[in-house]
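Data block below; observations after.
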Amino acid sequence: MVPNLPCARSRSLATWLCLVAFAVGCGADPSSNAAGAGQGSELPGAATTEVEWKSCDVHGPGGYEVSCGTASVPLRWQNPTGPAIDVAVVRVSPKKRSVAGQLWMLQGGPGFAGKGLLSMVDWYADHLPGYEFYLPDHRGVGESTRLGCAQAESNSSPNGAVVTKEEWPDCLAAVVGEWGTDLQAFSATQAAVDLGKLIEATRRPDVPLRVYGVSYGTFWALRYLQLYPQQAGAVVLDSVCPPGICSMTTYWTDFEATGKELLARCSQNATCHAKLGADPWGRLQSVASKLDSGHCSAVLPGQPLRPLLRDLLASAVANDDARLLIPPIIFRLDRCDSQDVAALQPLFKTMAKSQVVDPGESKAMREQYSSVLHHNVVFADLWHGTPPPLAPLLFAPADGNADLAIQPSWPAAGSDPLRNTMPQPMTPVLLLSGDLDPQTPLAFAQAAHQALAGFGAQLVVVPDNPHGVATNADHERTQCGGAITFQFLQNPEKKLDVSCLANLPPLDFAGGGPYAEMLFPSGAWGGEAKGLPLRTQTPAQAAQELWRELRRPLRL
């Protein structure tokens, strides 16, 4: 789907608010090309947004202090004197030097709290010395006014903070009972106005202002650019989720396509080719068919392996290290000798156990994530068409099954004249994408770049990178993506040096990655000389650690 472009870039935020009021009142087509946007103007009764700051128990990088802020904002910005909600933001400021710039970092999900990006700030602070970092919550999560279900997310519920498919009807009824049609106000558009007003309230006029969004955070940033096309001096979109194109209804088939491409690249590796042949994808199809007939049932007696394998492969393909386990797992399931059974059992047994979240994890999930907000945003802006049947797929995350179950009963999102439209930015924009990203595939970034190229936007593609190009310094690919990002943030008008892209190493299919050394003492493919694992863990402990990492919600 090619997004529509706003018809004018000069319209003010006040004009947009009038359009929203008109659309809501008259039932306008939510996908119509109804509104452009410009620099936000002041709103009647809401000329300023004040942030109340306090110290908070959050650790930041050395030489920085962390403050937690809360602002009271209108539930609906087109009704500034109506009900209000709280929106929270974390600020990380240098202690002993003047502020050299401000970077607002937008979290993804949708549904994750801004505080989750604190781990990135350590890395970014090293490369953007003197910058002040802001991590806002999207309205509806974290320390902001939260959307949630007290009973379904309580420690006493069947799966702790995870809302099960069986709990969703009562959970949704409770949410609708509390918010009614005001549930529509927990939207990307209202959150974009929150962002613009928070920036106005904290703006230092003498230093550069930058915005970075990752995954769904790029959707949020693009909506912000529709309303504030020149407020920020530069915007980075990492793992791009453009409106009208990025969709949860293709979520599972996007994982499938990425898995197929990963195996195609595996076939070019000498070890992988020797083990799985010239067509690893065909080999996986054969293995899946054999599992349906009871092959290798000794790995998990009495329970089908196929659904677990589908979820495992999808979860692994999104992880930079775990995806290297995929070819050895396929090979071992196919061969399935006694050594393979013993090697695979810890991981599949861990997956098959009850996934009840303990009280400590539930508390952390409630603080950092809102599944109600996630679904509310997805069904409003990221649900296009009908998802495919999941059973035939070989890579399909199980965490999306709730979407299919509850989408038909979710309340209508209401009209939004900005829905499915792209901005016309008046500031430099950098788009970043990995070409093995299952959540926001490269095609998303390419479509967004095509829509924004006329405004000078640049696209950088990092080969073999999964989701998140500049989110951590753990791998050479993300180090390279980060180096390019830091260049752009420091001087967005300067030509980018992307030479590091040519020097990235190929994927290490032969060794199976670090998790293979933890899980399989006899080597990734089995039969090699036994060596000591990297950590002092048993394979069962390593399997539990890996699955804890992989079972976290993937999302956008």
Next item on the list: Compare all side-chain heavy atoms of Q458 with those of L496 and state whether any distance is below 4.5 angstrom.
Entry: yes

Notebook entry, point to check: Which pair of non-hydrogen atoms, one from W104 and one from L195, has the smallest distance, and what is that distance?
Noted result: CE3-CD1, 3.7 Å

Notebook entry, point to check: What's the spacing between C171 SG and H375 NE2 if we round to 0.5 Å?
Noted result: 9.5 Å

Check: Can you find a heavy atom in the side chain of V378 that is under 4.5 Å from one in the side chain of P110?
Finding: yes

Check: Sub-3.5 Å donor-acceptor pair from the side chain of D137 to the main-chain atoms of G140, do we have one?
Finding: no

Notebook entry, point to check: What are the two closest heavy atoms between A221 and V235, and how far apart are they?
Noted result: CB-CG1, 4.4 Å

Checklist line | Criterion salt bridge (Lys or Arg N to Asp or Glu O under 4.0 Å) against R477, the qualifying member of D321, D464, D320 | finding: D320

Next item on the list: Indicate the atoms forming the closest heavy-atom contact of F255 with A314, along with that distance.
Entry: CE2-O, 3.3 Å

Check: Quick one: are T250 and F444 in side-chain contact, heavy atoms under 4.5 Å?
Finding: yes

Check: Is there a donor-acceptor contact under 3.5 Å from the side chain of T70 to the main chain of A88?
Finding: no

Checklist line | Spacing of H384 atom NE2 and T249 atom OG1 [to the nearest 0.5 Å] | finding: 6.5 Å

Item checked: Minimum-distance pair of heavy atoms, taken over all atoms of A188 and R223 -> O-CG, 3.8 Å

Check: Heavy atoms, side chains only, cut-off 4.5 Å: are V66 and C56 in contact?
Finding: yes

Check: What closest approach, in Å, do A234 and T427 show between heavy atoms, and which atom pair accounts for it?
Finding: N-OG1, 3.4 Å

Check: Is it true that the side chains of R139 and S144 contain a donor and an acceptor less than 3.5 Å apart?
Finding: no

Check: What pair of heavy atoms forms the shortest contact from Y216 to G109, and how long is it?
Finding: CB-N, 3.7 Å

Note to self: What verdict does the salt bridge (Lys or Arg N to Asp or Glu O under 4.0 Å) test give for E367 and K115, after you've listed the backbone C-alpha separation in whole Å, the side-chain angles of each residue and the deciding distance to 0.1 Å?
What the structure shows: CA-CA 9 Å; E367 291 174 350; K115 196 179 293 185; over 6 Å; no

Checklist line | Interatomic spacing from OG1 in T421 to CG in L418 - rounded to 0.5 Å | finding: 5.0 Å

Note to self: Taking L394's backbone N and O only, do any of them form a donor-acceptor pair with E256's side chain (distance below 3.5 Å, no angle check)?
What the structure shows: yes

Next item on the list: First locate atom CG of L501, then atom CD1 of I484, and finally report the distance between them rounded to the nearest 0.5 Å.
Entry: 4.0 Å

Check: Can any side-chain N or O of R310 pair as donor or acceptor with the backbone N or O of L393 at less than 3.5 Å?
Finding: yes

Checklist line | side chain to side chain contact (heavy atoms under 4.5 Å, CB included) partner of T202, chosen from L209, T49, V51 | finding: V51

Next item on the list: Could you tell me whether the side chain of S315 reaches within less than 4.5 Å of the side chain of W547, counting heavy atoms only?
Entry: yes

Notebook entry, point to check: Where do V460 and T485 land on the side chain to side chain contact (heavy atoms under 4.5 Å, CB included) test, with the steps shown first?
Noted result: CA-CA 10 Å; V460 172; T485 301; over 6 Å; no

Note to self: Check whether S370 reaches the backbone of R146 with its side chain - one donor and one acceptor, N or O, closer than 3.5 Å.
What the structure shows: no

Notebook entry, point to check: Just by distance, do the side chain of R366 and the backbone of E153 share a donor-acceptor pair under 3.5 Å?
Noted result: yes

Check: For residues Q190 and S187, is any side-chain donor paired with an opposing acceptor at under 3.5 Å?
Finding: no

Notebook entry, point to check: Given side chains that start at C-beta, do those of T440 and T218 come closer than 4.5 Å, heavy atoms only?
Noted result: no

Check: Going by atom types only, do W123 and N472 share a side-chain donor-acceptor pair under 3.5 Å?
Finding: no

Checklist line | Intermediate values then yes/no, side chain to side chain contact (heavy atoms under 4.5 Å, CB included), I199 and Q102 | finding: CA-CA 10 Å; I199 289 175; Q102 294 176 303; over 6 Å; no

Next item on the list: For a ring-ring contact (aromatic ring centres under 6.0 Å, His included) with H138, tell me which candidate from W220, F219, Y224 qualifies.
Entry: W220

Margin query: Could you check whether any side-chain N or O of D416 sits under 3.5 Å from a backbone N or O of T189, counting only pairs where one atom can act as donor and the other as acceptor?
Written below: no

Checklist line | N/O donor-acceptor pair under 3.5 Å between D254 side chain and P441 backbone | finding: no

Checklist line | 4.5 Å side-chain heavy-atom contact, V73 and I85 | finding: yes

Next item on the list: Report the C-alpha separation of D194 and K197 in whole Å, then their side-chain angles, then the decisive distance to 0.1 Å, and conclude whether the salt bridge (Lys or Arg N to Asp or Glu O under 4.0 Å) test is met.
Entry: CA-CA 5 Å; D194 295 341; K197 301 301 286 186; over 6 Å; no

Note to self: Just verifying a value: how many Å separate L452 CG and L225 CG, rounded to the nearest 0.5 Å?
What the structure shows: 8.0 Å

Check: What distance do D238 atom CG and L430 atom CG have between them, rounded to the nearest 0.5 Å?
Finding: 8.5 Å

Note to self: Walk me through whether Q231 and E200 qualify under side chain to side chain contact (heavy atoms under 4.5 Å, CB included).
What the structure shows: CA-CA 9 Å; Q231 185 185 57; E200 288 176 4; 3.4 Å; yes

Note to self: I'd like to know whether Y228 forms a side chain to side chain contact (heavy atoms under 4.5 Å, CB included) with V211, so could you lay out the CA-CA distance, the side-chain angles of the two residues, the decisive distance to 0.1 Å, and finally the verdict.
What the structure shows: CA-CA 12 Å; Y228 299 87; V211 172; over 6 Å; no

Check: Distance-only, no hydrogens or angles: does the S239 side chain make a donor-acceptor pair with backbone N or O of S215 under 3.5 Å?
Finding: no

Item checked: Check: D86 main-chain N/O paired with T145 side-chain donor or acceptor under 3.5 Å -> yes

Item checked: Plane angle bin for Y212 and Y124 - parallel if under 30°, tilted between 30 and 60°, otherwise perpendicular -> perpendicular

Check: Can you tell if the side chain of L550 reaches within under 4.5 Å of the side chain of L312, non-hydrogen atoms only?
Finding: yes

